[in-house]
Structure formats: structure tokens, C-alpha cells
Amino acid sequence: MTPGELAAAIHACLEECVAAGELDLESNALPEPNVERPREREHGDWATNVAMQVAKAAGLPPRDIAALLAARLAEMPGIASAEVAGPGFLNIRLAAGAAGGLARTIVKVGTDYGRGTTMAGTTVNVEFVSANPTGPIHLGGTRWAAVGDSIARLLESQGATVIREYYFNDHGVQIDRFASSLLARAKGEEAPEDGYGGQYIDDIATAVLSQAAEAGEPDPRTLPEPEALEAFRSRGVELMFAEIRASLHAFGVDFDVFTHEESLHDSGAVSRALDQLKESGALYEHDGAWWLRSTEYGDDKDRVVLKSNGTEAYIAGDIAYIRDKHERGADLCVLLLGADHHGYISRLKAATAALGYNPDSVEVIIGQMVNLVRDGEPVRMSKRAGTVVTMEDLVDAVGVDAARYALARSSVDSTLDVDLNLLASATNANPVFYVQYAHARAANVARNAAEYGIAREKAFAPETLTDETETILLGVLGEYPRVVAQAAAYREQHRVARYLEELAAAFHQWYDRCRVTPHGDEPTTDTHHTRLWLNDAARQVFANGLGLLGVGAPDRM
RNA sequence: GCCCCCGUAGCUCAGCUGGAUAGAGCGUCGGACUUCUAAUCCGCAGGUCGCAGGUUCGAAUCCUGCCGGGGGCACCA
């Protein structure tokens, strides 16, 4: 019996109580009972606080309601006991066979265990990273790559169609500075004061020169300044962006759509969007500029969209972009942005509403910064000085799995300290190995079991799974679908990681106590076959959960 | 001045949609491999959940104020 089935059973008991006149409640207002594993083992396998939740509405003491439910619940098949505890908790024990049945359920369902359909039919556009192609992905962007991809996987697991999207800003002054930095380095000069430094600038400058030579074009350095800059800009951006894409791919993150900011301007999408807003009155003219009424959505002040000099402000591209995403069929647009962008939320919502879309169709996740720490001391990263730690640096130091896991296991609300020395030297400080090891162990157990003639087909006797560690392991396994559903609903990938660590602990403890293959001359019994079911169920959940984080599940370590 | 995030064990962080005695990893100390992987397990130690009020049967969790840290408040992108 899964916790979901148990919740349904409790709900049925509530309905029966209402039908029998024992509870004075609207039957359509009954809550979906919360079923959780109690912290204390003595409190049973599962507990619900539903009696306390409905106590006020029913006008009865919580313990009385719990008693009514307990009487009915205890009669149901698969339930060993139900008793009232504390202020009105209902502690439930499952019959051994009912609890153990979960192992077979998981094995049968396989990769679908933990998947749901609550978001079926919904198309979600998830935009993340979107770093300017003026340099390699740094630590902060790496965090969003790990988090964004995992959130995308979570949404997919609940049935959504997900588009991973990267907004590629090739339009503004940052790019101009990038181009002039390339030109300066190609000429052997220092990069300009407000430009970019670092070895990669030299490398790309060199690559631009050789590309031009191969194409039979004149040396860009000999061209007049504007043409020279353009040559370095167009080729440099392409080269830089190819490098970014390659890094992301090696990191296990691939995007479905790359949108160039320039293309929104070139295609007329920007002017179309602005025309629409002018017509609807969402833009107004003042001091020679056109303003968006973003204050109506909590912004401090209205924002300029068309500057008085006739050029478009940056936000104009954003407005066209959010319209573009909706027109391409997105029901929900999720954006991951760094904490330095939190001021954008209100103007983006305002733009969305002004365009005629539901502002709730845009959801901005603000993630806090990543700090580089070395031996406990904060290290300042500077693009100009070229002291930035990049995605590749991190991967070189700890590997993709450890990097992704370390970045995904914390809430994005917390600033994150990354200590390369710590991660690289004491790799067991990263719990990913604890989880992966559990999976590898389970795989090994399965290999050994096959050698000993233990096979799932030979028996499934769930009532033999009676060791305390087996009860706990089954309990944790049962929570997985709810954890995934909530992680998806709250867009909180770290819940999956934390869950896997809990599951790994339960698995290792079980492994320590219960053998799948018989000891020495011990005869093979149904218990061994049944434990293989449990082992394989755990292995499946490790694989499913690690998959949601984009982290590998190795069979050997 | 206004807005957002954070403040929980020595360190890094969970727990925050209100529930039973606040957790994990790392670090310290002490145990456990003649049989499925010791990257593991078991035990000890470690806490005014930043501070002060409030809400209620119940607050780390919700509300208000304050303190401390980070980020943001452009006709820049």
C-alpha cells in the first residue's frame, strides 16, 4: 500500500463518517489527508493530522474525530492498526504484506515510478543561463544550468511539455566591449578599461584571424575601425557561443531553442509588440519617451521602453520576447534569474499583462549568488582580471556529477559557497557519492543474487520483509512520488537531492542488516527472493531520482 | 529611504504550505569487515532555531518591529 492509497482510504473513511451523520461537514470540502512518516518509529508506519485539520469546521475535539476515523480505518484490509495519539494524530500501522507490496509495485512501474500527470497538456518554457556570449559560463551561470535543467526534468516528470530556452544577447554595448577587447588583443594591445580580459580573449582573437584568413578575407586588423570591430564581433560571438554550447553539452544540458535578441529586432517582433501596447494604451508618451505602466504591477516607477532619442530600451526586447514565447504556445514561462535581476519581475509581469496574457503565466525564479571561497576565505571573481572560475574549471576539478549535484542540492534562495579546494580534495564532502554508492551497491547485490540463483520470478512474499530497516526503507521508498510532485510544484529541485540522501541512508542501513544472498550454507528461502525485489525497487528509485538531477547512476564504483 | 534573499550544531546546509522529543553531511572522539562493495554501518559529543513581541490547542515555520549579512532600486544592457 502506497501513502497515496492510504490517503485515499482515510478520505473514504471521512466520507463514511459524514454519510453516517457522525461528522457535520460538507462532503465536498473534505481535505486531502496529509500522510507522513512520523519521526518516531514507535508512532507507527504512517501518521495523519487530518483530524486536527477538520476539528474546527466539524466542531468536535480532534481526538474524538481521530477516534471515529480510527475505528473505520482499522477495519480496512492491509491496515494492522490505527490509534489516536497526542493532540489528535492518527498513527497507522500497515500489515506486513501490505507494506511490502510496494517493492513489487515499484519494480513493475520502473522508470515511471514518481511520474505524474498533473501537468499533462501544459507547455512550459523554461529559460535559464542566458549568459551573454562575452565569456565562458562562470560559476553563477553553472548553478542555473544545473538547477534549470533539473527543474525542466521535474516538470517533464509531471507530464508537462518543456522547452529549454536560452536567450542569447548579441545586441548591446557588452558585445561591443567584447569586440573591442578582441581587436585590441589581436593588435597586441591591452584590452580597454571597460573590456574583457583573460586567456580566452586571446584565443578567440587568434581564431577570428585564422578564420578570416581561411575565408580569403583581408586581415581584419588592417580594416578601418568600424569594419574591424564588426569582423571581430560577428565571428567572435559565434566562436564564444559555440564554446558555451559545448560546455553546457558536456555538462549534460542541452537547449531546444536559442533566441537571439537581435533577431527579435530584425524580424520586426519588437516594433509589432510596441505597436500593440501603444494601441492598447499600455504605453504612454512623456518627456519625448514612451513609458510602460509597470507601477500597476508593483514596480517602483514606470519604465522607459522607447527612449527620447528614438532607440529602444533593453526592456523592449523583453516585451517582444515574452510575447514571442506565448505565441509559440507556452502556457507557462519560467525564468531563472540571478538575484541582481529581481527588479525585473514587476516590469516583466506588467508587460505580460499589458500584452493581454495572464501575468501568472510568467514565473520568475530568483536565485541567489554563488560565492567562490578558497580555504574559507572569499575570493573575488573579476572578468576583467580573468580570475573567473568557469563551468569548465568546476567540472575539471570535481567532475560533472559532483558539480551538478553540489549546485542542485541547495535551495536557490540560499547563497552558495563553492570551495574548489574542498570539493576537489575531499570529494566525499559531496554527498553525491553517498547516493551513487547506494545505487552501485544495489546493482552489485543484483549481480551477486543472479549468481546465487536468487531471482524475483521465484517468489514474492512481502510479509517476510519484517526487519525494522526494511520497514523504514519501504516507508522512504513510498514517499518518493510525493517528493517529486512537490518538488515540481514548487520548482525546488533540491528536495529531490535531500530525499535521495535520506533514501541512501535507509538503504545502507538495510544493506548492513539484511542480506539478499544467503550466508554460507544457509538455504535459499522466499525471504531472499523477496529482498531482491526490495533491492531492485530501491535501485530503481535511486536511478529515477538521480535522473531528475541529471546525475549519473553508476552500476559500479 | 524602498524592494528581494538569508540568519538553525564548530563548518556547509535541510526542515519554513503551522504538528509529536529540531535533522543530515563534513569535522572531533570511540567502535564494526574470514562471505552481497568499509565511498558503508554503529555509538559519543555538539542547539537561547539572530533578538523582541503577537496570532492559537500547538511556532524554527505565520504576522509586526528591530539587529546582522548579501543583492537590487537607469531614457545601461
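All values below were derived from every heavy atom in this structure, side-chain atoms included, with hydrogens, water molecules and symmetry-related copies excluded. A, B, ... follow the sequence lines: proteins, then strands. Residue 1 opens every chain.
The partner of B:G1 is B:C73, by the rule that a Watson-Crick or G-U pair needs both atom distances under 3.5 Å. When both distances must be under 3.5 Å, the Watson-Crick or G-U wobble mate of B:A32 is B:U40. Applying the Watson-Crick and G-U wobble criteria (two distances, each under 3.5 Å), B:C66 pairs with B:G50. When both distances must be under 3.5 Å, the Watson-Crick or G-U wobble mate of B:C11 is B:G25.
Judged by closest nucleotide on RNA chain B, A:Ser411 is the one of A:Ala339 and A:Ser411 placed further toward the 5' end. Ranked by how close their nearest RNA chain B nucleotide is to the 5' end, A:Ile366 and A:Lys56 are led by A:Ile366.
For A:His342 against B:G72, no side-chain N or O and base N or O form a donor-acceptor pair under 3.5 Å. Evaluation of atom-type donor-acceptor distances gives a pair under 3.5 Å for the side chain of A:Ser308 against the base of B:C75. Between the base of B:A38 and the side chain of A:Asp512 there is no donor-acceptor pair shorter than 3.5 Å.
Within the 4.0 angstrom heavy-atom criterion, only backbone atoms of the sugar-phosphate kind lie near A:Arg303; the bases stay farther away. Note on A:Ala85: a base of the nucleic acid sits closer than 4.0 angstrom, heavy atoms only. Among the heavy atoms of the strands lying under 4.0 Å from A:Leu416 are primed sugar atoms or P, OP1, OP2 only; no base atom is included. Residue A:Ala47 is in base contact, counting any heavy-atom pair closer than 4.0 Å across all strands shown. Counting non-hydrogen atoms under 4.0 angstrom, A:Thr311 reaches nothing in the nucleic acid. Residue A:Asp299 is out of contact with every strand shown, counting any heavy-atom pair closer than 4.0 Å.
Distance CZ (A:Arg143) to C1' (B:G70): 12 Å, rounded to an integer number of Å. Rounded to whole angstrom, the span from the CG atom of A:Asp417 across to the C1' atom of B:G69 amounts to 12 Å.
The aromatic ring centroids of A:Tyr511 and A:Tyr437 lie 6.0 Å or more from each other.
The two residues A:Leu474 and A:Ala103 have their closest heavy-atom pair at CD2-N, 4.1 Å.
An aromatic stack links A:Tyr511 and the base of B:C36, using centre distance under 5.5 Å and interplanar angle under 30°.
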